[in-house]
Amino acid sequence: EVRKIQRDMWTEIPVGAILESVYYRYLYFFEDGRVMYALTHASPVEMIPRFVKMVLKGYGSKDKWGVWGRYEIQKDEVRVWAAQAWQDVCFQLRV
């Protein structure tokens, strides 16, 4: 659904402007079946140090955007499960 921008005295978006929103999805796999997952607007420059802190704190540590999950590999399919405060995600990837 595309919403029309409300024009009032506080709107600083010029008429005809194109608004862009970029999101990144991060999956960081460990050999023991753990995965770190994040869906965020934070760029890799900002997110990689956050993941490093999570690794140093250990499994189960929390971050504003990143969460721990798990994954399984069966033949050429990888299934990933992770739970954020606002959503549970399950990916089925083919390798």
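Quick note: numbers below take in every heavy atom, side chains included, and nothing from hydrogens, waters or symmetry partners.
- Of all the heavy atoms in Asp88 and Ala83, the pair that sits closest is OD1-CB, 3.1 Å.
- Judged purely by distance below 3.5 Å, without hydrogens or angles, the side chains of Gln74 and Glu77 never pair a donor atom with an acceptor atom.
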Pair Val80-Tyr37, side-chain contact (heavy atoms from CB on, under 4.5 Å): steps then yes or no: CA-CA 9 Å; Val80 178; Tyr37 169 76; 5.6 Å; no

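- There is no path of hydrophobic side-chain contacts, each under 4.5 Å, that joins Ile48 to Val45.
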Take Trp68 and Met36, measure what side-chain contact (heavy atoms from CB on, under 4.5 Å) needs, and give me the verdict at the end. CA-CA 5 Å; Trp68 289 94; Met36 287 192 299; 3.6 Å; yes

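- The CG atom of Leu27 sits 11.0 Å away from atom OH of Tyr71, with the distance rounded to the nearest 0.5 Å.
- In the hydrophobic clustering of ILVMFWY residues, with side-chain heavy atoms under 4.5 Å counting as a link, Val52 and Tyr24 come out apart.
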For Met47 and Tyr28: C-alpha separation, side-chain torsions, deciding distance, then whether side-chain contact (heavy atoms from CB on, under 4.5 Å) applies. CA-CA 11 Å; Met47 202 61 204; Tyr28 188 93; over 6 Å; no

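- Expressed to the nearest 0.5 Å, how far CD of Gln92 lies from CH2 of Trp81 amounts to 9.0 Å.
- Ile73 and Phe91 end up in the same hydrophobic cluster when Ile, Leu, Val, Met, Phe, Trp and Tyr side chains are linked at under 4.5 Å.
- Val35 is connected to Val67 through a chain of hydrophobic side-chain contacts under 4.5 Å among Ile, Leu, Val, Met, Phe, Trp and Tyr, so both are in one cluster.
- Pairs engaging residues 38-53 under the side-chain hydrogen bond (donor to acceptor under 3.5 Å, both in side chains) rule: Arg50-Asp63 [sequence neighbours left out].
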Would you please test Tyr26 and Trp65 for side-chain contact (heavy atoms from CB on, under 4.5 Å) and show each step? CA-CA 10 Å; Tyr26 298 94; Trp65 298 306; over 6 Å; no

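- A pairwise comparison of heavy atoms in Gly66 and Phe51 identifies CA-CE2, 4.2 Å as the closest pair.
- Gln84 places no side-chain N or O within donor-acceptor distance of the main-chain N or O of Ala38, the cut-off being under 3.5 Å.
- Aromatic ring centres of Phe30 and Tyr59: separated by at least 6.0 Å.
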